[in-house]
Amino acid sequence: MKKKVLIVSFSFEQEPEAFQALEEAGLEPVLLAERDRKGFTEKDFTRYWESLKDKPSGILMGADIPLGKFFAERAEGLQGISLNCAGADHLDLQAMEEHGIAVCNVPRQNFDAVADFIWGLILAVMRKIPEGNQAIRRGEWCRGVERGCAVSGKTIGIIGFGAIGQAVAKRALGFDMKILVSSTSKKPELAEKYHAEYVERNQLFQEADILVPTCPLVPETFHMINEETLGQMKREAVIVNASRGGIIDTEALLSALGEQKIGGAGLDVFEEEPLAASELFGLKNVVLTPHMGGLADREIHQVAMQSAYHMAKLLEGEKTGTELTGRDRS
C-alpha cells in the first residue's frame, strides 16, 4: 500500500509537477485544500487528522497553521513533515522531535524573490507609488503625492545577514547606499563584498533611513522592534518587514506611525495572519501586502519540487540535508 502524504500548502496546490513528483516516488498525495481549511487552528487541524481513517505518513505544508505539542501528541502514524517554505517558527520543533516526527525545510530557494519584493516595498513607501496610483484613478493627477522621499544615497539598516539580507544589500549597492548590518555572525568577507559596516543594533536603529529586518523569529527577535527601539529612529525613517510579523510589536508600530514618529512602513507579514481587520488599514503612511514576498513564479515551482523530493526522502528514512530539530528553535 502506498504511503499517503497530506498536502497543506496553497502554493503547492498550484504545482501539478510537484504532485507528479510525489506519485513517481510511490507516494499518494491527499489534498486538504486551502478553501477547506481557511481559519484552521491547531485544534481544528488535529480534529481533522484524527478524523482520517487512513493516517498519512507525511505532511507537506506551508506556514499558515501553527502546530505544536497538542498536535504532536495526537499525530498517530506521522513520520515526517516537509515544509514548503524556509521558515519553521510556526512549528514546535522540540515537540516534533520528542514524538519522533522528522521535519525539514527548503532554505535558500526564494531569497532573490523576497529581496526583490523588499525593494518594491521600499520604493512604494518612500516614493508614494500606491498613493499616486490612487490619485490618478480619482482624476486628481498628483495631488498629495508631490513630495516623495529620495531613495538613492540613503542609509539602509539590515538586521540579520543571511541569504535574504545579503541579497537586499546587493541591491542597495545600486542605489549608492550606506549599508549598516546588525548580525550575531560578523564575517569580514561579507562586509567587504557588500561594502557594509557591522554595527551594534542601537546604532543601526539610530542611523538607518530604511530599516529592514531579515532575521528569523526566535525568542531573541520577538518584538525586537518595539516602543523603545522605534523611539530611537529618525522621524523620516521607514521600516520594511517581509520576514516575520512577530519581530515587530504591532501596537508600538501603530502608535509610532499614527503619531508620525517615523515616516512609514511596508509590511508583508503580520503578527496575526490572515489580516482581516486592522488599525493599519486606516493609515496613509503604510503599504500592506498579504505575505507574498516569496511568491514569484519560478521560486514557487522550485520550492514545491524540492519539498516533494524532501518528503520522499523523509519517508524512506533518508537524510535531506535540511533537517530541523528543537535546537534550531533555540
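Reckoned from all heavy atoms, side chains included, excluding hydrogens, waters and symmetry mates.
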* Asked: Hey, what do you get for CG (Leu257) to CG (Leu280), rounding to the nearest 0.5 Å?
  -> 7.0 Å
* To do: State, to 0.1 Å, how close Gly246 and Phe222 come at their nearest heavy-atom pair, and which atoms those are.
  => O-CD1, 3.5 Å
* To do: Spell out, yes or no, whether Leu121 and Val151 are grouped together once hydrophobic residues are joined by side-chain heavy atoms under 4.5 Å, including indirect joins.
  => yes
* Asked: Would Glu271 and Thr250 count as having a side-chain donor-acceptor pair, cut-off 3.5 Å?
  -> yes
* For residues Asp44 and Gly39, report the shortest heavy-atom separation together with the two atoms involved. => OD2-O, 3.8 Å
* Are Gln306 and Gln302 close enough that a side-chain donor and a side-chain acceptor fall under 3.5 Å? -> no
* To do: Group every Ile, Leu, Val, Met, Phe, Trp and Tyr by side-chain heavy-atom contacts under 4.5 Å, then state whether Leu314 and Ile59 land in the same group.
  => no
* Asked: Any donor-acceptor pair under 3.5 Å linking the side chain of Ser307 with the backbone of Ala304?
  -> yes
* Donor-acceptor contact below 3.5 Å, side chain Thr322 vs main chain Asn105 -> yes
* Which of parallel (below 30°), tilted (30 to 60°) and perpendicular (above 60°) describes Phe71 and Trp49? -> perpendicular
* Charged N to carboxylate O below 4.0 Å: is that the case for Lys187 and Glu189? -> no
* Give a yes-or-no answer on whether the side chains of Gln14 and Ser11 include a donor-acceptor pair shorter than 3.5 Å. => no
* Hey, is the main chain of Gly321 close enough, under 3.5 Å, to the side chain of Glu323 for a donor-acceptor pair? -> yes
* **CA sep, side-chain torsions, deciding dist, call: Ile210, Met177, side-chain contact (heavy atoms from CB on, under 4.5 Å)** => CA-CA 10 Å; Ile210 304 162; Met177 286 187 162; 3.4 Å; yes
* Asked: Salt-bridged, Arg171 to Asp112, with N to O below 4.0 Å?
  -> yes
* Asked: Are Leu230 and Leu267 co-members of a hydrophobic cluster defined by side-chain heavy atoms under 4.5 Å apart?
  -> yes
* Asked: Are any side-chain N or O atoms of Glu13 and backbone N or O atoms of Ala33, one a donor and one an acceptor, separated by less than 3.5 Å?
  -> no
* When you measure from the side chain of Ser278 to the backbone N and O of Phe281, does any donor-acceptor pair fall under 3.5 Å? -> no
* **Cation-aromatic face contact Arg74/Phe70, 6.0 Å, 45 degrees** => yes
* Below 4.5 Å, heavy atoms only, C-beta onward: do Val114 and Phe117 meet side chain to side chain? -> no
* To do: First locate atom CZ of Phe111, then atom CG of Asp116, and finally report the distance between them rounded to the nearest 0.5 Å.
  => 10.5 Å
* To do: May I ask you to test the Val238-Ile122 pair for a side-chain heavy-atom distance under 4.5 Å?
  => no
* If you round to the nearest 0.5 Å, how far is CD1 of Ile7 from OG of Ser82? -> 9.0 Å
* More than 12 heavy atoms of other groups within 6.0 Å of Gln260 CD -> no
* Any donor-acceptor N/O pair, His90 side chain to Gly62 backbone, under 3.5 Å -> yes
* Donor + acceptor pair across side chains of Asp176, Ser152 (<3.5 Å) -> no
* Asked: Would you say Arg137 has more than 12 foreign heavy atoms packed within less than 6.0 Å of its CZ?
  -> no
* **Nearest-0.5 Å distance that lies between atom NZ in Lys3 and atom CG in Leu27** => 8.0 Å
* **Under 3.5 Å donor-acceptor, Ser57 side chain and Gln79 backbone** => no
* Atom CD of Glu273: over 12 foreign heavy atoms under 6.0 Å -> yes
* Neighbour count >12 (heavy atoms, 6.0 Å) for atom CD, Glu316 -> no
* Exceeds 12 heavy-atom contacts within 6.0 angstrom, atom CD of Glu318 -> yes
* Give me the other members of the hydrophobic cluster that Met305 sits in, counting Ile, Leu, Val, Met, Phe, Trp and Tyr linked by side-chain heavy atoms under 4.5 Å, directly or via other members. => Tyr309
* **Lys154 NZ: over 12 foreign heavy atoms closer than 6.0 Å** => yes
* Heavy atoms, side chains only, cut-off 4.5 Å: are Leu315 and Val5 in contact? -> yes
* Asked: How many angstroms lie between CG in Asp209 and SG in Cys149, if you round to the nearest 0.5 Å?
  -> 9.0 Å
* Note: Arg37-Asp64 ion pair, threshold 4.0 Å (strictly below) -> yes
* Is there a side-chain contact between Trp141 and Ile136 (heavy atoms, below 4.5 Å)? -> yes
* More than 12 heavy atoms of other groups within 6.0 Å of Glu227 CD -> no
* Side-chain touch Val199/Glu207, heavy atoms, less than 4.5 angstrom -> no
* Joint cluster assignment, Leu31 & Met61, ILVMFWY side-chain distance < 4.5 Å -> no
* To do: For the pair Lys170 (side chain) and Tyr194 (backbone), establish whether a donor and an acceptor sit closer than 3.5 Å, ignoring hydrogens and angles.
  => no
* Asked: Taking atom types as modelled and ignoring hydrogens, do the side chains of Lys193 and Gln166 form a donor-acceptor contact shorter than 3.5 angstrom?
  -> no
* Asked: Do Leu78 and Leu83 share a hydrophobic cluster (ILVMFWY, side-chain heavy atoms under 4.5 Å, transitive)?
  -> yes
* Asked: Does Arg244 offer a backbone N or O that forms a donor-acceptor pair with the side chain of Asn241 under 3.5 Å?
  -> yes
* To do: Nearest 0.5 Å please: distance from the OG1 atom of Thr229 over to the CD1 atom of Ile159.
  => 8.0 Å
* Please tell me if the side chains of Phe45 and Leu32 come closer than 4.5 Å, counting only heavy atoms from C-beta onward. => yes
* Look at atom CD of Glu279 and say whether more than 12 heavy atoms of other residues, nucleotides or ligands are closer to it than 6.0 Å. => no
* Asked: Between Leu211 and Ile262, is any pair of side-chain heavy atoms under 4.5 Å apart?
  -> no
* Asked: Within a strict 4.5 Å, meaning less than it, do heavy atoms of the Val240 and Trp119 side chains meet?
  -> no
* Asked: Any idea which heavy atoms bring Ala172 and Ile179 closest together, and the distance?
  -> CB-CD1, 3.9 Å
